[in-house]
Amino acid sequence: MNLQHIKNNSYALAIGHVLFITSIIGFTLWLCFAIFYQQPFGKYVLIIGAILFALYIAIYSRFFFFFIFVTCSLLWYFNIEPQQNRDWSPEVSKLLSVEQHNHQITLHNVRNFDWHSKNNFTEHWETRTYNLDEITGVNVITSYWMGPQIAHTLVSFNFAHQRPLVFSIEIRKERNESFSALGGFFRKFELNLVAADERDILYLRSNIRGEQVYFFPIQLSKPLAQELFLEYLTTAQELAHQPRWYNTLTSNCTTLIFDMAQRISQEPLPKDYRILVSGYLPNYLYDHHALNQQWTIKQWYQHAYVNPRTQQQNQTSKQYSENIRKGLP
């Protein structure tokens, strides 16, 4: 065996060892976050134990033990089931349920809270009836709370003889629980679909939480608007039957809307980083002519800004919905 061959073997072993150590560090870091956000009993003891075991594997190069370590961890994690029976926060305590007779849709547990502050509200859950033939428009709403890149996305439907209805895909929080983008990667939250009055769910964001809310009427044919509405109802029924996990990146308020739009679209929708960086979704819609082209996108943001039009106190649902549409095509 010549010297060059020995050197090549040494390099290969060194690279293999580095990859092995990197894999141990990466997987152990992921596991520690998973344990932390799942909050099992004695989570800090489990985290310390995982780190110590990983160190043992790394120091003594126990490849078989690393395989067992990964396998057991993944079996634990992917067998954590989403639940329907937790102590839910009041605003997500009820699940939307659906009855359909041809084009007549009855929705139970439509939320219409009166918000006085973040922790002071009057609960109202309503039963509403809609006719698919009376859909007159669809609106995309983006609500910003942490800079221009990230927004919560909601979709509102207009009806000829009924108040608009907003659908919001979001986490189903437990009582006294708060949103964590990082926790959303680790099965921290169940997925939820809220159907609500505009004066409830948009006022909560613009006036109570102080988020920056933008309202964009989109250009969508009536048949496609009807199909999108039905997609939301299908999602509600699926979640009622089988709960799912929210995921910050792959199963969130924007990616799920995009998935629904893909299913009803006659042609595949262009994929774009702005589906993931949800704050730029209006720019995506504008570039693909889903927004009226009479304004530039900069002008659209100026006209679509909801907050200045929602400061009047004690607005009815009708007044609120009219005010947020003022000046829009």
Side-chain angles (χ1 to χ4, degrees), residues 110 112 115 128 130-145 148 150-169 194-229 232 253-254 257-258 260-261 264 269 274-275 278-329:
V110 175
N112 190 14
W115 293 92
R128 294 188 181 183
Y130 296 90
N131 191 317
L132 282 177
D133 292 327
E134 294 188 352
I135 291 178
T136 59
V138 179
N139 316 281
V140 169
I141 302 112
T142 52
S143 184
Y144 299 80
W145 77 97
I150 303 299
H152 181 69
T153 306
L154 311 91
V155 173
S156 172
F157 290 83
N158 306 335
F159 291 87
H161 299 102
Q162 176 61 285
R163 285 171 287 173
L165 183 73
V166 184
F167 288 110
S168 175
I169 296 172
V194 176
D197 192 274
E198 287 181 339
R199 189 180 60 92
D200 169 339
I201 203 163
L202 301 187
Y203 182 87
L204 168 63
R205 292 179 175 275
S206 63
N207 292 59
I208 302 299
R209 296 179 182 171
E211 299 176 12
Q212 310 306 304
V213 179
Y214 294 81
F215 187 94
F216 298 93
I218 62 172
Q219 300 181 135
L220 194 66
S221 69
K222 186 169 182 174
L224 287 179
Q226 292 172 327
E227 288 188 50
L228 182 59
F229 190 85
Y232 272 106
C253 62
T254 306
I257 295 171
F258 183 77
M260 288 189 281
I264 68 172
L269 297 176
R274 290 170 293 188
I275 303 302
S278 53
Y280 298 131
L281 180 63
N283 303 63
Y284 172 87
L285 295 172
Y286 183 83
D287 289 347
H288 295 287
H289 297 271
L291 296 181
N292 190 305
Q293 301 291 297
Q294 71 184 67
W295 295 324
T296 64
I297 187 59
K298 183 177 179 179
Q299 290 172 323
W300 257 112
Y301 276 104
Q302 293 170 347
H303 289 285
Y305 188 35
V306 161
N307 296 52
R309 302 197 291 273
T310 62
Q311 300 309 308
Q312 179 186 338
Q313 299 295 316
N314 301 318
Q315 296 181 77
T316 64
S317 292
K318 184 174 183 294
Q319 289 170 331
Y320 184 89
S321 294
E322 288 174 350
N323 285 338
I324 64 177
R325 287 168 171 77
K326 282 182 178 177
L328 298 177

Task: Residue pairs passing the salt bridge (Lys or Arg N to Asp or Glu O under 4.0 Å) test where at least one lies in residues 156-168, sequence neighbours excluded - done: E126-R163, R163-D197

Task: Test side chain to side chain donor-acceptor pair (under 3.5 Å) applied to H161 - qualifying residues, sequence neighbours left out - done: E134

Open item on the list: If the condition is side chain to side chain contact (heavy atoms under 4.5 Å, CB included), which residues does Q212 pass it with, not counting sequence neighbours?
Closed with: Y144, Y214, Y305, N307

Open item on the list: Are the side chains of V194 and I201 in contact, using a 4.5 Å heavy-atom criterion?
Closed with: yes

- [ ] Drop me the distance from S321's OG to L202's CG, to the nearest 0.5 angstrom.
- [x] 8.0 Å

- [ ] Check the pair T310 / N323 against side chain to side chain contact (heavy atoms under 4.5 Å, CB included), numbers first and verdict last.
- [x] CA-CA 7 Å; T310 62; N323 285 338; 5.9 Å; no

- [ ] Please round to the nearest 0.5 Å and tell me the distance separating atom CD1 of I135 and atom CG of L228.
- [x] 8.5 Å

Open item on the list: Minimum heavy-atom separation for L165 and A195, please, with both atom names.
Closed with: CD1-CB, 4.2 Å

Donor-acceptor list for residues 152-159 side chains, cut-off 3.5 Å, not counting sequence neighbours:
{"unit_1": "H152", "atom_1": "NE2", "unit_2": "S168", "atom_2": "OG", "d": "2.7"}
{"unit_1": "T153", "atom_1": "OG1", "unit_2": "T254", "atom_2": "OG1", "d": "2.8"}
{"unit_1": "S156", "atom_1": "OG", "unit_2": "E198", "atom_2": "OE2", "d": "2.6"}
{"unit_1": "N158", "atom_1": "OD1", "unit_2": "N139", "atom_2": "ND2", "d": "2.9"}
{"unit_1": "N158", "atom_1": "OD1", "unit_2": "R325", "atom_2": "NH2", "d": "2.6"}

- [ ] Could you walk me through whether W300 and N292 pass the side chain to side chain contact (heavy atoms under 4.5 Å, CB included) test, one step at a time?
- [x] CA-CA 9 Å; W300 257 112; N292 190 305; 3.9 Å; yes

Please tabulate, for the side chains in residues 280-287, all donor-acceptor contacts under 3.5 angstrom to protein atoms that are two or more places apart in sequence or on a different chain.
{"unit_1": "N283", "atom_1": "OD1", "unit_2": "Y301", "atom_2": "OH", "d": "2.6"}
{"unit_1": "Y284", "atom_1": "OH", "unit_2": "P270", "atom_2": "O", "d": "2.5"}
{"unit_1": "Y286", "atom_1": "OH", "unit_2": "W295", "atom_2": "O", "d": "2.7"}
{"unit_1": "D287", "atom_1": "OD2", "unit_2": "R274", "atom_2": "NH1", "d": "2.7"}
{"unit_1": "D287", "atom_1": "OD2", "unit_2": "R274", "atom_2": "NH2", "d": "3.3"}

TODO: May I ask you to test the I169-Y232 pair for a side-chain heavy-atom distance under 4.5 Å?
DONE: yes

Task: Backbone N/O of T296 and side chain of Q299: donor-acceptor pair under 3.5 Å - done: yes

- [ ] Identify whether the distance between the nearest side-chain nitrogen and carboxylate oxygen of E322 and K318 falls below 4.0 Å.
- [x] yes

- [ ] For residues S317 and R199, report the shortest heavy-atom separation together with the two atoms involved.
- [x] OG-NE, 3.4 Å

Open item on the list: Rounded to the nearest 0.5 Å, what separates atom CG in L291 from atom CZ in F216?
Closed with: 6.5 Å

Task: Closest contact, heavy atoms only, S206 versus Y320 - done: OG-OH, 3.7 Å

Open item on the list: Taking the side chain as everything from C-beta on, heavy atoms only, tell me whether I257 gets closer than 4.5 Å to F167.
Closed with: no

Task: V166 side chain near D200 side chain, heavy-atom distance below 4.5 Å - done: no

Task: Set of side chain to side chain contact (heavy atoms under 4.5 Å, CB included) partners for E211, sequence neighbours left out - done: S143, W145, R205, R209

